[in-house]
Amino acid sequence: MNYKKLYIETLGCAMNVRDSEHMIAELNKKEPYELTEKLDDADLIIINTCSVREKPVSKLFSEIGVFKKYKKASAKIGVTGCTASHLGKDIIKRAPSVDFVLGARNVSKLSKVIDVRHSVEVDIDHDDSTYAFGEYRTNPFKAMVNISMGCDKSCTYCIVPATRGDEVSIPSDLILNEIKKAVDRGAKEIMLLGQNVNNYGKYFTSEQQKCNFTQLLQKISAIEGLERIRFTSPHPLHMDDEFLEEFASNPKICKQIHVPLQSGSTSLLKEMKRGYSKAWFLNRCEKIRRLSPEATISTDIIVGFPNESDEDFEDTMDVLNQVRFEQLFSFKYSARPHTTAATYENQISNEIASARLTKLQARHTEIIDEIMDAQMDKTHKVYFDELKPNGRVSGRSDDGKLFFVEGSEDLLGKIVPVLVTKTSRGALHGVLS
Ligand code: 5AD
Ligand code: SF4
């Protein structure tokens, strides 16, 4: 059969990665597509964008120019995702070679917009079709599953509530069915996705039995054949004791947790409208370390938020030194449209923000080197999920460390003990033990 070819570029977060899979499923409902990495081979080009910081947005238009130059004359270009949501029809005004614009909340309308030149669908309303998709997974061994959409917070730096809309909790029976299907097709591990996963259960669109995130985790862990549950991102504010106790005691929940700090300064956290203090954040991390000493904690930090003083930044450094995050995603503050912080007077200079970012990252590098060096000669149970070039296979330990071993596809889908023989900053190398 002669399939049409799709070139899809996915930027941003795990939600976007899953949205790309949903788009492929939606396309396939209409006519089968085959993925291609060759631009000039594609019949359809999709750029699934992120708008959380300014840089990728400004790159979008130069990229559209390149795509226009190298694509087949008949190939269509679609811009989807969060930048599509916030720029809408302006994308087509600026770049008429774009055939359609589809916002992050509108994935299910893909087959509708594809045939109508210059169509734009960027509503952030929703109905049940917003989360009813066909089946498609890039990797059968680890399955991403959305549990909620949108965000009910109003962090003053963040554009996401404007691009992904109000928070909606997906009915638990749909989630459980999707996970069972994925497990039947070979997934031993799932990744639950949502902007605030542990706020789950507050916003059902129809009559539902009450079910909060902890209860959802309990229901999911009863699924036979499923061995590992991960989730991203939880919000520190909703990390109640019940949830942390479930995290610690449920053997199917991987001992890896993302606790996005953003800033260590209580006064800045207030200006960010995060809803917690430095003391609360430290208390939650301390509780995680006490209940689950084997757990790894990752975080997101923004430096250079308006009004950030040297003392505020030192508070952030202090939290880094106390918690010793195993993974750090750190960013310079970027003023975004539709956000309150963009209107704050005291914006921090790029020079100061860069110096702070460098200092933060340098300290974290020291911490991570110590953590990784201490892994030498330890054994971890690794779930292998990807074949790599040069006879290697990769996978992750329960606490989320990336492993490489020599091996073949026979290892895929298996959980095997691995002895660490070599460490590096980003990954561990080992032998089956
Ligand atoms: N500037 C810089 N970083 C941001 N993030 C969100 N909005 C901004 C912004 N305006 C970061 C936060 C968030 C991560 C996904 O991106 O740290 O947790
Ligand atoms: Fe994901 Fe936020 Fe980027 Fe949208 S703006 S793709 S929700 S990180």
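All values below were derived from every heavy atom in this structure, side-chain atoms included, with hydrogens, water molecules and symmetry-related copies excluded. Note that ligands are numbered from 1 as they come in the structure, with each ligand's atoms numbered from 1 the same way.
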Distance below 2.8 Å from atom 4 (Fe) of ligand 2: protein N/O/S atoms: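 Per the 2.8 Å query on atom 4 (Fe) of ligand 2, atoms found are Cys82 SG.
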For the residue pair Lys202 / Ser169, report whether a side-chain donor-acceptor contact shorter than 3.5 Å exists.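 Note: Ser169 and Lys202 side chains miss the donor-acceptor criterion.
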State whether a side-chain donor-acceptor pair under 3.5 Å links Glu246 with Gln218.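 Their side chains do contain a donor-acceptor pair, which is all the 3.5 Å distance test asks for.
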With heavy-atom distances below 4.0 Å as the criterion, list the atoms of ligand 2 near Gln195.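 Those of ligand 2 that fall under 4.0 Å from Gln195 are 7 (S).
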Between the main-chain N or O of Lys381 and the side-chain N or O of Ser397, is there a donor-acceptor pair closer than 3.5 Å?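 Looks like no, no N/O pair under 3.5 Å.
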Output yes when a side-chain donor or acceptor of Arg18 lies under 3.5 Å from a complementary backbone atom of Met144, and no otherwise.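 Such a contact is found between Arg18 side chain and Met144 backbone.
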Should the pair Lys255 and Phe247 be classed as cation-pi, given the thresholds of under 6.0 Å to the six-membered ring centre and 45° from the axis?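 Yes, a cation-pi geometry holds between Lys255 and Phe247.
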Which of these passes salt bridge (charged side-chain N to carboxylate O under 4.0 Å, His left out) with Asp99: Lys76, Lys68, Arg117?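 Per the salt bridge (charged side-chain N to carboxylate O under 4.0 Å, His left out) rule, the option paired with Asp99 is Arg117, out of Lys76, Lys68, Arg117.
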Any pair counted as ring-ring contact (aromatic ring centres under 6.0 Å, His included), so long as it reaches residues 172-203, sequence neighbours left out: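 As it turns out, the ring-ring contact (aromatic ring centres under 6.0 Å, His included) pairs with a partner in residues 172-203, which skip direct neighbours, are Tyr200-Phe204.
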Less than 3.5 Å apart, which donor and acceptor atoms pair up between the side chains of residues 182-191 and the rest of the protein, not counting sequence neighbours?
| unit_1 | atom_1 | unit_2 | atom_2 | d |
| --- | --- | --- | --- | --- |
| Arg185 | NH1 | Glu135 | OE1 | 3.2 |
| Lys188 | NZ | Gly413 | O | 2.5 |
| Glu189 | OE2 | Arg230 | NE | 3.0 |

salt_bridge(Asp241, Lys287) N-O dist < 4.0 Å: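 Lys287 and Asp241: salt-bridged.
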Is any NZ, NE, NH1 or NH2 atom of the basic residue among Glu286 and Arg289 found under 4.0 Å from an Asp or Glu carboxylate oxygen of the other?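 Looking at Glu286 and Arg289, the cut-off is not met.
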With hydrogens left out, which residues have an atom under 4.0 Å from ligand 1, given that only heavy atoms count?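 Lining ligand 1 at under 4.0 Å, by heavy atoms, one finds Val52, Arg53, Tyr157, Gln262, Asp300, Ile302, Phe331, Lys332, Tyr333, Ser334, Arg336.
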